[in-house]
Amino acid sequence: MGRDVAHACFVVRRRSDDSARAPALLVLDTNTWHAYNTWGGRSLYTGGNTVSHARPFGRGMLWRPEVDRNDRKARPVRWGEEPDVDGAIFQRYRTEHDYPAAIGSAGWFTHARRFVEWAEGAGHRFDYAVSSDLERDPDALAGYDTVLSVGHDEYWSAGQRRAVEDHVRRGGNVASFSGNTMFWQVRLDDSEEDGPGRLGLRAVPPLRQGHAAWRRRFRRVPRRPLDAGGRRARATPSSSPRGCTAMPVTPTSPVSATGTP
Amino acid sequence: MLTCRPFGPDGGEVVTVGTTDWVFGLASDPAVMRVTANVLDRFAT
């Protein structure tokens with residue numbers, strides 16, 4: 001129970017020849033979910049510099065039985081209410097429920113779920129994809145008027161970014177209801193495309209977004225394959241989240257797709 | 001914060017809100033809901 005429980009999810013893509021296509025493609029920020037996921041091993045914040053796409057998500061990232069306003073670090077303050085300084089209320093909530101810290105930063109339930117439930121309630125319909133689709137499927141954005149991004153879309157590969165930039169150059173739109181967007185560059189490890197995919201954290205200094213140097217550095221990062229130990233993906237201490245060191249994540253014990261959360 | 005920027009005569013439009021917590025306003029904040037609805041009506045309908 002507790003943190004031994006994990007969840008997996010499926011994101012169903014719309015066929016390109018489906019006449020029922022929606023005008024907008026919501027690209028879920030799954031790179032960020034993987035970056036923060038600690039289930040069965042390290043996240044990019046707890047000592048890992050590669051994380052597997054093949055492991056499930058920690059309990060609470062995709063689904064929780066309760067909807068709680070304390071489920072994030074930056075808890076909004078109501079009129080006359082004491083602020084949650086240092087996120088103490090959030091930390092108490094998640095430890096009482098034995099959720100990983102990741103639920104405050106990433107995952108479907110905290111951010112995207114709120115957007116989709118609201119938007120669908122207002123009559124909007126979207127098609128869906130995940131972060132890596134933007135790089136691995138060259139036609140992922142073809143035929144869509146708009147790319148949507150929601151929540152905490154922090155981790156992007158150069159190929160994903162290029163796909164969105166090309167989309168805008170062709171006249172497509174982007175609506176980003178996200179913060180901290182494109183802050184860290186990662187690289188998809190195609191050498192494991194048929195096995196556990198990986199995100200390699202690359203050295204991208206945390207410059208201000210939109211800053212010219214930040215844009216140049218984003219493009220300059222070489223696209224090399226990871227070696228077995230992930231050493232080429234090693235981020236320098238000054239540029240890695242919270243000083244993480246090189247350590248590949250080797251998860252996954254067999255996981256059942258069913259069970260109680 | 002919300003910015004909207006057209007990218008040249010052939011480019012599309014980009015809207016960004018610059019906060020991870022925008023979605024939390026969808027349950028309670030009339031301005032956040034109105035702005036979001038305007039964007040979706042224009043870009044995603």
Side-chain angles (χ1 to χ4, degrees), chain A residues 22-26 29 32 67 69 71-76 78 104-106 110-119 121-127 141 144-154 164-183 209-210, chain B:
Chain A
L25 182 71
L26 174 48
D29 51 338
T32 307
V67 176
R69 67 183 285 257
D71 62 1
R72 56 203 183 274
K73 287 183 284 191
R75 178 175 176 270
R78 289 177 179 151
S105 303
T110 299
H111 296 99
R113 176 194 61 82
R114 285 181 157 99
F115 177 84
V116 170
E117 287 181 353
W118 180 85
H124 291 281
R125 293 290 178 271
F126 312 120
D127 288 349
L141 299 181
Y144 287 106
D145 296 338
T146 296
V147 185
L148 285 173
S149 159
V150 173
H152 192 185
D153 206 351
E154 179 182 7
V164 170
E165 288 179 343
D166 290 346
H167 170 76
V168 174
R169 275 191 210 98
R170 291 192 302 265
N173 305 314
V174 175
S176 172
F177 299 101
S178 161
N180 203 211
T181 306
M182 291 190 191
F183 191 83
Q209 297 179 58
Chain B
M1 180 181 76
L2 184 142
T3 60
C4 183
R5 181 181 170 193
F7 279 80
D10 299 323
E13 292 178 298
V14 176
V15 173
T16 183
V17 301
T19 168
T20 59
D21 285 3
W22 183 270
V23 297
F24 300 114
L26 295 175
S28 57
D29 189 312
V32 170
M33 288 188 270
R34 182 72 258 169
V35 170
T36 309
N38 289 347
V39 171
L40 294 181
D41 286 345
R42 180 184 175 113
F43 285 178
T45 301

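Reminder, nothing fancy here: chain letters follow the sequence lines and each chain counts from 1. Any value given below was found using the heavy atoms of this structure, including those in side chains, with hydrogens, waters and symmetry copies removed.
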Report which part of [X] has an atom under 4.5 Å of a heavy atom belonging to chain B: side chain, backbone, both, or neither.
X	result
F126(A)	side chain
L26(A)	neither
V168(A)	both
H124(A)	side chain

What option among [options] has the most heavy-atom pairs under 4.5 Å with chain B?
options	answer
A24(A), A122(A), P23(A)	P23(A)
G171(A), A119(A), G123(A)	G171(A)
A22(A), A175(A), S149(A)	A175(A)

Would you say [X] and [Y] make side-chain contact, with heavy atoms under 4.5 Å?
X	Y	value
F177(A)	T20(B)	no
H111(A)	V23(B)	yes
W118(A)	M33(B)	yes

Under 3.5 Å, side chain of T146(A) to main-chain N/O of F43(B), donor-acceptor pair present?
-> yes
Does a sphere of radius 6.0 Å around CZ in R113(A) hold more than 12 heavy atoms from other residues, nucleotides or ligands, not counting ones at 6.0 Å or beyond?
-> yes
Please determine, among T45(B), V14(B), L40(B), the option with the most heavy-atom pairs under 4.5 Å with chain A.
->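 When all of T45(B), V14(B), L40(B) are compared, L40(B) has the most.
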Which bit of [X] comes within less than 4.5 Å of chain A, counting heavy atoms only: side chain, backbone, both or neither?
X	value
V39(B)	side chain
S28(B)	neither
A27(B)	neither

